[in-house]
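Comments concern the structure below.
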Number of protein chains: 2
Amino acid sequence: MATEARRAIGERSTRQRTAVAAVLQEVDDFRSAQDLHQMLRRKGERVGLATVYRSLRAMADAGDIDILVTADGESLYRRCGQGAGHHHHLVCRGCGLTIEISAPAVERWASTVAVDHGFTDAQHTLDIFGTCQDCVDQEAAQAR
Amino acid sequence: MATEARRAIGERSTRQRTAVAAVLQEVDDFRSAQDLHQMLRRKGERVGLATVYRSLRAMADAGDIDILVTADGESLYRRCGQGAGHHHHLVCRGCGLTIEISAPAVERWASTVAVDHGFTDAQHTLDIFGTCQDCVDQEAAQAR
DNA sequence: GTCTATATTGACAATCGTTCTCAACAATCC
DNA sequence: GGATTGTTGAGAACGATTGTCAATATAGAC
Ligand SMILES: [Zn+2]
Ligand SMILES: [Zn+2]
Ligand SMILES: [Zn+2]
Ligand SMILES: [Zn+2]
C-alpha cells in the first residue's frame with residue numbers, strides 16, 4: 001500500500017526554477033508567462049516554455065506569486081510582498097504599475113455577503129484598473 | 001465626405017440575434033458561448049458559433065449582458081437584471097447559482113483607493129465564489 | 001564519490017476558446 | 001422590386017496553455 005503521501009510539484013531545486021523566480025524578482029508588475037520566457041532568453045537562461053508555465057503554476061499553488069486573469073483570458077503573474085497574505089491590486093492599464101491594496105473592511109463585507117446567502121467556502125476576486133498619473137501626463141504630452 | 005457616424009455592430013434585427021437573446025433569457029446563471037450554442041442547436045435554431053460570439057460581444061458592449069472570466073480564462077455570459085446598472089455577483093462553484101450584489105460602500109471605497117493613488121478612469125472587478133446551501137446539502141447526501 | 005530512484009525538463013504535438021476570412025445572404029430603405 | 005450594406009456561416013487561423021515522453025538532473029543512500 002502506498003502510505004507515502006503524493007509529493008507536490010516543486011520539490012527539487014533546479015536551475016530552471018531558480019531562473020524563473022529570479023526573473024520575477026526583476027519586475028514589479030504583472031507579466032505573462034510568455035513575457036517571462038522572453039526575458040529569460042534575453043538573459044541567456046535556457047528554459048523551456050512549458051517549464052516556465054509549470055514553475056509559475058507551482059509557485060502560484062504554493063502561494064508565492066499572484067495570478068491576474070485579464071479580460072481576454074490571459075494569465076499574468078507577479079511576485080507580491082512576501083508574507084503579505086491576502087490582498088488586492090490597483091493596476092494601471094497603460095504601464096502596468098501595480099499597487100497592493102489591503103482592505104479589511106471589504107474582506108469582512110465579502111464574508112458577510114456570502115454567509116447571509118448561505119454560501120460557504122467563500123473566496124473572492126477584486127481588482128481595480130485605472131490610468132496612473134504618469135500615464136496621464138504622457139498622454140497629455142503626446143497630444144501637444 | 002463621411003459625416004455620418006460609424007454605426008455600431010448590432011444595428012439590424014436578425015433571426016440569429018433574437019435567438020441568442022432568447023436563449024439567454026431561459027437561464028439564470030453564467031454560461032459559456034459554446035454552451036449557449038449547444039442550447040440553440042437543441043432548440044432547432046440554426047446559428048453559427050461565430051455569430052453566437054459576435055452577438056454576445058455586441059450585447060456585452062451595449063451593456064445588456066455581463067461577462068465573467070473564469071480562472072482558466074473562459075468567458076461566461078449572463079443576462080442580468082435590466083436597468084440594474086453596475087453590480088457584482090455571488091456565484092456557486094457547484095451549480096452556478098448566481099446572486100446579484102449591490103454594495104455602494106464598496107463602490108465608494110474602490111473609487112477612493114484609485115483617487116488616493118492618483119489613478120483616473122477607475123473600474124473594478126469584484127466577484128464572490130462559494131458553495132450554496134443546496135450544493136452543501138447534496139454533498140452531504142452523497143457522502144452518506 | 002558512486003549509484004539509484006524518480007522528479008524534472010524540453011521540443012513538439014495537441015487542445016481549446018476565440019477571432020478572422022470572405023463569399024453568400026438578408027434586413028432596411030427608396 | 002432593386003440597391004445598399006450590415007450580417008452570417010463554414011472553416012481556417014490564432015494564441016495561450018497543457019500533454020507527451022524520452023532524455024536528463026537532482027536528492028539521498030551507500
Ligand atoms: Zn501607468
Ligand atoms: Zn480580499
Ligand atoms: Zn450550488
Ligand atoms: Zn462595483
Side-chain angles (χ1 to χ4, degrees), chain A residues 2-24 30-41 43-62 64-78, chain B residues 2-24 30-41 43-62 64-78:
Chain A
T3 52
E4 186 173 358
R6 177 77 53 77
R7 291 180 172 178
I9 194 178
E11 181 190 3
R12 293 185 182 172
S13 154
T14 67
R15 171 181 64 81
Q16 290 87 342
R17 281 178 200 168
T18 305
V20 172
V23 78
L24 274 169
F30 281 92
R31 298 296 179 101
S32 72
Q34 316 232 19
D35 268 356
L36 296 168
H37 181 235
Q38 286 298 326
M39 291 179 65
L40 287 168
R41 297 194 100 200
K43 286 179 64 178
E45 292 282 359
R46 199 153 300 280
V47 181
L49 179 58
T51 298
V52 173
Y53 275 105
R54 282 188 291 242
S55 301
L56 290 171
R57 181 150 50 144
M59 297 171 80
D61 288 348
D64 294 333
I65 60 176
D66 282 9
I67 302 181
L68 181 151
V69 181
T70 67
D72 57 325
E74 189 177 17
S75 290
L76 307 181
Y77 305 85
R78 179 178 189 263
Chain B
T3 50
E4 187 172 355
R6 178 78 50 79
R7 290 177 174 181
I9 193 178
E11 180 190 4
R12 293 184 183 173
S13 155
T14 68
R15 171 182 65 80
Q16 290 88 341
R17 281 178 201 169
T18 304
V20 172
V23 80
L24 274 169
F30 281 93
R31 298 296 179 101
S32 72
Q34 316 229 19
D35 269 356
L36 297 167
H37 181 234
Q38 287 297 326
M39 293 180 64
L40 286 168
R41 296 193 100 196
K43 288 179 63 179
E45 291 281 0
R46 199 152 299 283
V47 181
L49 179 57
T51 298
V52 173
Y53 275 105
R54 281 187 290 241
S55 300
L56 290 171
R57 182 151 48 145
M59 296 170 81
D61 288 348
D64 294 334
I65 61 176
D66 281 9
I67 302 181
L68 182 150
V69 181
T70 68
D72 57 325
E74 189 177 18
S75 290
L76 306 180
Y77 306 84
R78 179 177 189 263

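Here is the naming used below: chain letters follow the sequence lines, and residue numbers restart at 1 for every chain. Note: hydrogens, waters and symmetry copies are ignored here, and every other heavy atom, side chains too, is used.
- Following rounding to the nearest Å, B:D35 (CG) and C:dT18 (P) show an atom-to-atom distance of 10 Å.
- Here D:dG9 is the nucleotide among D:dG9, C:dG10, C:dT18 with the atom lying nearest to any side-chain atom of B:V47.
- Judged by distance alone, with hydrogens and angles left aside, A:R12 brings a side-chain donor or acceptor within reach of the base of C:dT6, the pair sitting under 3.5 Å.
- Distance A:D72 CG to D:dT17 C1': 14 Å, rounded to the nearest Å.
- Comparing B:A33 and A:R46 by the nucleotide of DNA chain C that holds the closest heavy atom to each, the one mapping nearer the 5' end is A:R46.
- The side chain of B:Q16 places no N or O atom within less than 4.0 Å of a non-bridging phosphate oxygen (OP1 or OP2) of D:dT7.
- The environment of B:R41 atom CZ is sparse: at most 12 non-hydrogen atoms of other residues, nucleotides or ligands sit within 6.0 angstrom.
- Nearest-nucleotide positions on DNA chain C place A:T14 closer to the 5' end than the other of B:S32 and A:T14.
- Going from atom CG of A:L49 over to atom P of D:dG19 covers 14 Å, rounded to whole Å.
- B:L24 places a side-chain heavy atom less than 4.5 Å from the side chain of B:L56.
- For B:R17 (side chain) and B:M59 (main-chain N/O), no donor-acceptor pair under 3.5 Å exists by modelled atom type.
- Under the 4.5 Å side-chain criterion, counting only non-hydrogen atoms from C-beta, B:F30 is in contact with B:D66.
- Of the candidates D:dG9, C:dT9, C:dT18, the closest approach to any side-chain atom of B:T51 belongs to D:dG9.
- One atom, CZ of A:R17, and another, C1' of C:dT9, lie 9 Å apart when rounded to the nearest Å.
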Residue pair A:T51, A:V20: steps toward the side-chain contact (heavy atoms from CB on, under 4.5 Å) verdict: CA-CA 9 Å; A:T51 298; A:V20 172; 5.7 Å; no
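- Taking every side-chain heavy atom of B:E11 into account, D:dG6 is the closest of D:dG6, C:dT9, D:dT8.
- Heavy atoms of A:S75 sit under 4.0 angstrom from primed sugar atoms or phosphate atoms, though from no base atom.
- Close to C:dG10, at under 4.0 Å from its OP1 or OP2, lies a side-chain N or O of A:R15.
- In this entry the distance linking CD of B:Q34 with P of C:dT15 reads 15 Å, nearest Å.
- Regarding A:E45, its CD atom lies at a distance of 14 Å from the C1' atom of C:dT9, rounded to whole Å.
- When the P atom of C:dT9 is taken as reference, atom CG of A:L56 falls 12 Å away, rounded to whole Å.
- Not a single donor-acceptor contact under 3.5 angstrom links the side-chain atoms of B:R54 to the base of C:dT19.
- The phosphate of C:dT18 has OP1 or OP2 within less than 4.0 Å of a side-chain N or O from B:Y53.
- Summarising the geometry, the separation between CD1 on B:I67 and C1' on C:dG17 is reported as 14 Å, rounded to the nearest angstrom.
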